[in-house]
Amino acid sequence: MRVTVLLFASYADALGTRSLALDLPGGAHTGDVVAALRVRPGAEGVPPQPLVAVNERYAHLGHALHDGDVVAVLPPVAGG
Amino acid sequence: VSTAVTRVAAEPVDLAALVAAVAHPGAGAMATFVGVVRDVNEGAAVTGIEYEAYAPMADRELGAILAEAESRWPGARTAAVHRTGFLSVGEASVAVIASSPHRAPAFEACRYVVEELKRRVPVWKCEHYADGRRAWVDGRVSLGQGPGRGFVTAGLTDAFGRRVEYLRVSLTDRCNYRCVYCMPAAGLPWIPRRDVLTDDEVVEVVRQLAGLGLRRVRLTGGEPTLRPGLVALVARLRGLGALEDLSLSTNGVRLADQAAALAAAGLDRVNVSVDSLDRARAATIARRDLGFDPVEALDAADAAGLGPIKLNVVVMRGVNDDEVPALAACTLDRPWHVRFIELMPVGELAESLAAEGARPEAMVVPAAEILARASAAGGGRVLRPAVGPARGNGPAAYHRFDGARGTVGVITPMSHTYCGSCNRVRLTADGRLRPCLYGEGEVDLRSALRAGEPLAPLVAGALADKPREHLLLQRRTGGLRALSQVGG
């Protein structure tokens, strides 16, 4: 399956991109996305278990993914 | 129901549009909150803030929060907008408005939206400083364009990116009570006095952690008022100049005598355990009768200015659950915040009850039942969801009787997970840092202190291990340390 990964704020800076496409095996979950990110250069700026959202909703690490899902990896929010 | 203005936007905040969005003939009150970019943060001169949002999710989440507020405060209408892009000092970054027939629900609904927005809406801010640097405010990675480019501030941030700014410091494992839910009747094997952190060591831990972002400290026990020299220690911690909030958890026995001195030394507020208003029953729960009158102690704390005052009540079926209405009624005419705590059938209680063939789970009174029974205390006044006391809300969900001075809170370690917003770590009396109340992991800061080594690497390691959710959620309720040993 192929998913779109969105990165924001400090994580986008750390990994040098705001979005990327990932090809994952069937049965993959959000934790696999984080694991794939964390082997990339700059990944020390992303914690091992960050907040994630799938298709604009907060999700657990371990949330099952489907082809075409949009997975956002979110730094601790800091609005206001 | 109007949620017409529920979005992140690049245009300046239009307050008139917000007012129009919630106006209606029955709206006798409107409460507005405006967040504004200020010129300094944590000592650094700020020239502006760049806001970034995950726009579609931010709109969705903000809309959900407004809908929640309108459902919690029937009759309220709410609207909110959050800016994106670069804002200079003095510009409005966020605006929230709530209208209602009367002012109290308008204030409370507005506050609810602000607090939930800050907690949930995916917006980030990057501060730009006068010296040319810029830094994301989550404290994780700072990328500058000036001299500080690329520096990393790990700070007190755990493996999930939660900012940890709150430390509970157990000053002693000893207690003058033997509460049934906390400690065996015979006491526990006490930590040898030579292993207990000295005043110098406690101050040094807090000083070093303050450099990593610690802002709030609660002194706990055992019973912290049993520690010799407590007043002087409070004065030294306050004298660090780093703490926004310095509070104390106590059983209250020595509070009437010490409240004024503690307040003068710089203590901000107290939480007091009150499991019963009936002296004989309190003595049964505590397994000791020290002739203690909780109302007198709380009034002394009130008079000393140690507010907002919180009462913690561990609700146990068949023991004190019949007092829920009377305790809730204390909030009608006193500015007290009574927090009912669902019993946590772990550690000492679980083991001693199981040994007697009882089921500790059977003593748990669920939050919904606690609230239903508390609501009977209003004498016709309705108990409604509310915003809690101004500081230290922690994991409680607050409610308030119409027109009451205090609030009724419920803390639900068993029914719901509050781990997602947990921002606290604990220091045991013998100097071990525990990232999670119910976790197994802890790191020994005392050895490092006594060897003159810096604490930051150990703290970073401990936070990396802070669990996302505690073991209670997996219903593993045996074999954990007693609460008195880890500071509640």
Side-chain angles (χ1 to χ4, degrees), chain A residues 3-22 29-63 65-66 68-80, chain B residues 8 33 35-37 49-62 64 80 82-84 93-94 96 114-127 134-143 150 152 154 157-163 420 423 463-469:
Chain A
V3 301
T4 301
V5 180
L6 302 181
L7 299 166
F8 297 92
S10 60
Y11 298 173
D13 284 359
L15 291 167
T17 183
R18 311 190 69 76
S19 75
L20 49 99
L22 274 186
H29 57 81
T30 46
D32 298 320
V33 170
V34 174
L37 288 179
R38 282 180 51 80
V39 300
R40 301 172 83 95
E44 61 276 8
V46 178
Q49 297 180 275
L51 278 178
V52 295
V54 176
N55 302 330
E56 301 172 9
R57 289 187 163 84
Y58 284 114
H60 286 284
L61 291 177
H63 180 98
L65 294 173
H66 304 285
D69 279 348
V70 177
V71 180
V73 183
L74 309 172
V77 302
Chain B
V8 293
F33 171 84
V36 180
V37 176
I49 297 180
E50 184 182 343
Y51 286 92
E52 176 179 337
Y54 180 13
M57 181 173 168
D59 287 350
R60 175 197 292 277
E61 198 67 24
L62 191 47
H82 199 300
R83 286 290 307 275
T84 56
S93 56
V94 60
V96 174
V114 174
E115 300 300 338
E116 290 297 301
L117 180 157
K118 289 178 75 80
R119 207 167 66 78
R120 290 158 53 186
V121 175
V123 174
W124 302 274
K125 55 184 158 198
C126 186
E127 290 182 339
R134 64 186 190 96
W136 292 102
V137 170
D138 67 53
R140 174 161 296 278
V141 178
S142 301
L143 298 167
V152 174
T157 308
D158 71 9
F160 313 108
R162 289 175 299 198
R163 181 81 181 255
N423 60 354
L463 291 182
D465 290 338
K466 183 170 166 64
R468 184 163 195 136
E469 292 179 347

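Just so it is clear: chains get the letters A, B, ... in the order the sequence lines come, proteins before strands, and each one is counted from 1.
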*Check the surroundings of atom CZ in Arg40(A): do more than 12 heavy atoms from other residues, nucleotides or ligands lie under 6.0 Å from it?*
no

*Does any heavy atom of chain A fall under 4.5 Å from the side chain of Ala64(B), the backbone, both, or neither of them?*
neither

*asked:* Rounded at 0.5 Å granularity, tell me how far CZ in Phe8(A) sits from CH2 in Trp136(B).
replied: 10.5 Å

*I would like to know whether Arg57(A) and Glu61(B) meet side chain to side chain contact (heavy atoms under 4.5 Å, CB included); could you show each step before the answer?*
CA-CA 8 Å; Arg57(A) 289 187 163 84; Glu61(B) 198 67 24; over 6 Å; no

*asked:* Treating Tyr51(B) as the side-chain partner and Gly80(A) as the backbone partner, does any N or O pair qualify as donor plus acceptor under 3.5 Å?
replied: yes

*Does Trp124(B) use its side chain to pair, donor to acceptor, with the backbone of Pro75(A) at less than 3.5 Å?*
yes

*Under 4.5 Å between any side-chain heavy atoms of Arg134(B) and Asp13(A), yes or no?*
yes

*Is chain A contacted by the side chain of Val123(B), its backbone, both, or neither, given a heavy-atom distance below 4.5 Å?*
both

*Please confirm whether the backbone N or O of Arg120(B) pairs with a side-chain atom of Tyr58(A), one donor and one acceptor, at under 3.5 Å?*
yes

*What do the steps show when you test Asn55(A) against Met57(B) for side chain to side chain contact (heavy atoms under 4.5 Å, CB included), and what is the final call?*
CA-CA 8 Å; Asn55(A) 302 330; Met57(B) 181 173 168; over 6 Å; no

_Which heavy atom of Val121(B) sits nearest to which heavy atom of Val77(A), and what is that distance?_
O-CB, 3.4 Å

